Student: 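Below is a structure I'd like to ask you about.
Both backbone and side-chain heavy atoms feed into the values below; hydrogens, waters and symmetry mates do not. Remember, it's a predicted structure, so these values are computed and weren't measured experimentally.
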Amino acid sequence: MKTLAKWSVDDYHRMVQAGILSDRRVELLFGEIVEMSPETPIHYSTAKRGAKYLEELLLGKADVRFNGPITLSNSEPEPDIAIARLPESAYNNRHPAPEDIFWLVEVAKTSLKKDLELKACIYAAALIQEYWVLDLSAKQIIVFREPLDGNYTTEQIIVKGTITPLAFLEIQVSVEKLLG
């Protein structure tokens, strides 16, 4: 039996500041420092295009963050897209925390299992109200809502049409534009 040392968010921040992790693509997930999957070209392009599209839709309503960390109680993941409260300057000295986040988006090709299982648990445990996974292989978006006890209680698969984010009922997000 293996016993792993768990790291706190403060430990992780000290390692980052000391440069220990500077040459590594890692994130802190449930207290473990985990290597991030390499991004395929379609993953990067979809995430970047999606962030730009959401920035246009949410101009003046939210800060759309691309490939940046968020700070949770025992994790510091780097979702592909995070929709956070304004003003953007609130994050000059810290990353967004759960109370700052409207919803998160992960783009999945090779990381689908991790995004649907591990990341969904992490985000639900942090009470992130809404989480979308763009499944590039199946050309669908899985929408998770209503976190309770470390899991989302609703899951909806959408293949075409629009999604109305819980935080912005006046906004219609095109599935086709997000998936490319």
Student: Could you check whether Asp11 and Ser8, counting side-chain N and O atoms only, form a donor-acceptor pair closer than 3.5 Å?
Tutor: yes
Student: Would you say Lys52 has more than 12 foreign heavy atoms packed within less than 6.0 Å of its NZ?
Tutor: no
Student: Any chance CG of Asp23 has more than 12 other-residue heavy atoms, nucleotides or ligands included, within less than 6.0 Å?
Tutor: no
Student: With the 4.5 Å side-chain cut-off for hydrophobic clustering, are Ile171 and Ile163 part of the same group?
Tutor: yes
Student: If the threshold is 4.0 Å, N to carboxylate O, is there a salt bridge linking Glu27 and Lys119?
Tutor: yes
Student: Using the rule side-chain contact (heavy atoms from CB on, under 4.5 Å), only one of Leu136, Thr46, Leu134, Asp135 pairs with Lys109; which is it?
Tutor: Leu136
Student: Any side-chain heavy atom of Leu178 within less than 4.5 Å of one from Trp132?
Tutor: yes
Student: When you measure from the side chain of Glu130 to the backbone of Leu166, do you find a donor-acceptor pair of N or O atoms at a distance under 3.5 Å?
Tutor: yes
Student: Is any side-chain heavy atom of Gln129 closer than 4.5 Å to a side-chain heavy atom of Trp103?
Tutor: no
Student: Counting distance only, does the side-chain N/O of Thr154 pair as donor-acceptor with the main-chain N or O of Arg145 below 3.5 Å?
Tutor: yes
Student: Do Asp63 and Arg85 come close enough that some side-chain heavy atom pair is under 4.5 Å?
Tutor: no
Student: Please determine whether a side-chain nitrogen of the Lys or Arg among Glu39 and Lys48 lies less than 4.0 Å from a carboxylate oxygen of the Asp or Glu.
Tutor: no
Student: Can you name the one residue among Leu57, Leu59, Ile83 that meets side-chain contact (heavy atoms from CB on, under 4.5 Å) with Val64?
Tutor: Ile83
Student: When clusters are formed by joining ILVMFWY residues with side-chain heavy atoms under 4.5 Å apart, either directly or through shared neighbours, do Leu116 and Ile157 land in the same one?
Tutor: yes
Student: Any chance you could measure Leu72, atom CG, to Ile128, atom CD1, to the nearest 0.5 Å?
Tutor: 6.0 Å
Student: Would Val34 and Val26 count as a side-chain contact (heavy atoms from CB on, under 4.5 Å) if you check the C-alpha gap in whole Å, the side-chain angles of each, and the deciding distance to 0.1 Å?
Tutor: CA-CA 5 Å; Val34 178; Val26 296; over 6 Å; no
Student: Please determine whether side-chain contact (heavy atoms from CB on, under 4.5 Å) holds for the pair Gln172 and Thr164, giving the CA-CA distance in whole Å, both sets of side-chain angles, and the decisive distance to 0.1 Å.
Tutor: CA-CA 5 Å; Gln172 297 290 308; Thr164 302; 2.6 Å; yes
Student: If you round to the nearest 0.5 Å, how far is CG of Leu104 from CD1 of Ile70?
Tutor: 4.5 Å
Student: For Glu88, look at atom CD and say whether over 12 heavy atoms of other residues, nucleotides or ligands are found less than 6.0 Å away.
Tutor: no
Student: Side chain of Asp80, backbone of Ala47: donor and acceptor closer than 3.5 Å?
Tutor: no
Student: Starting at CD of Gln17, measure out to CG of Asp10 and round the result to the nearest 0.5 Å.
Tutor: 9.5 Å
Student: Determine whether Val16 and Ile20 fall in the same hydrophobic cluster, where Ile, Leu, Val, Met, Phe, Trp and Tyr are linked whenever their side-chain heavy atoms lie under 4.5 Å apart.
Tutor: yes
Student: Over 60° means perpendicular and under 30° means parallel, so tell me whether Tyr152 and Phe144 are parallel, tilted or perpendicular.
Tutor: tilted
Student: According to a hydrophobic-cluster definition based on side-chain heavy atoms being under 4.5 Å apart (Ile, Leu, Val, Met, Phe, Trp, Tyr only), do Leu54 and Val175 belong together?
Tutor: yes
Student: Could you tell me if the side chain of Ile141 sits less than 4.5 Å from the side chain of Leu179, heavy atoms only?
Tutor: yes
Student: Please assess Arg25 against Glu35 for the test salt bridge (charged side-chain N to carboxylate O under 4.0 Å, His left out), listing each intermediate value before the final yes or no.
Tutor: CA-CA 6 Å; Arg25 281 188 32 87; Glu35 295 276 352; over 6 Å; no
Student: Run the salt bridge (charged side-chain N to carboxylate O under 4.0 Å, His left out) check on Arg94 and Asp100 step by step: do they pass?
Tutor: CA-CA 11 Å; Arg94 66 176 179 87; Asp100 302 313; 2.6 Å; yes
Student: Do Tyr53 and Phe168 belong together in a cluster built from hydrophobic side chains that touch within less than 4.5 Å?
Tutor: yes
Student: Could you check whether any side-chain heavy atom of Thr162 comes within less than 4.5 Å of a side-chain heavy atom of Val173, counting everything from C-beta outward?
Tutor: no
Student: Could you state the interatomic distance from OH (Tyr131) to CD1 (Ile101), rounded to the nearest 0.5 Å?
Tutor: 12.5 Å
Student: How long is the straight-line distance from OG1 of Thr153 back to CD of Glu146, given to the nearest 0.5 Å?
Tutor: 4.0 Å
Student: Could you give the distance from CD1 (Ile33) to CZ (Arg24), rounded to the nearest 0.5 Å?
Tutor: 8.5 Å
Student: Using side-chain contact (heavy atoms from CB on, under 4.5 Å) as the criterion, list what pairs up with Val9, not counting sequence neighbours.
Tutor: His13, Leu28, Thr71, Glu76
Student: Quick one: closest heavy-atom pair of Ser37 and Ser111, and the distance?
Tutor: OG-CB, 4.3 Å
Student: Of the non-hydrogen atoms in Pro38 and Thr110, which two are nearest, and what is the gap between them?
Tutor: O-OG1, 4.5 Å
Student: For residues Pro96 and Arg65, determine if any side-chain heavy atom of one lies less than 4.5 Å from a side-chain heavy atom of the other.
Tutor: yes
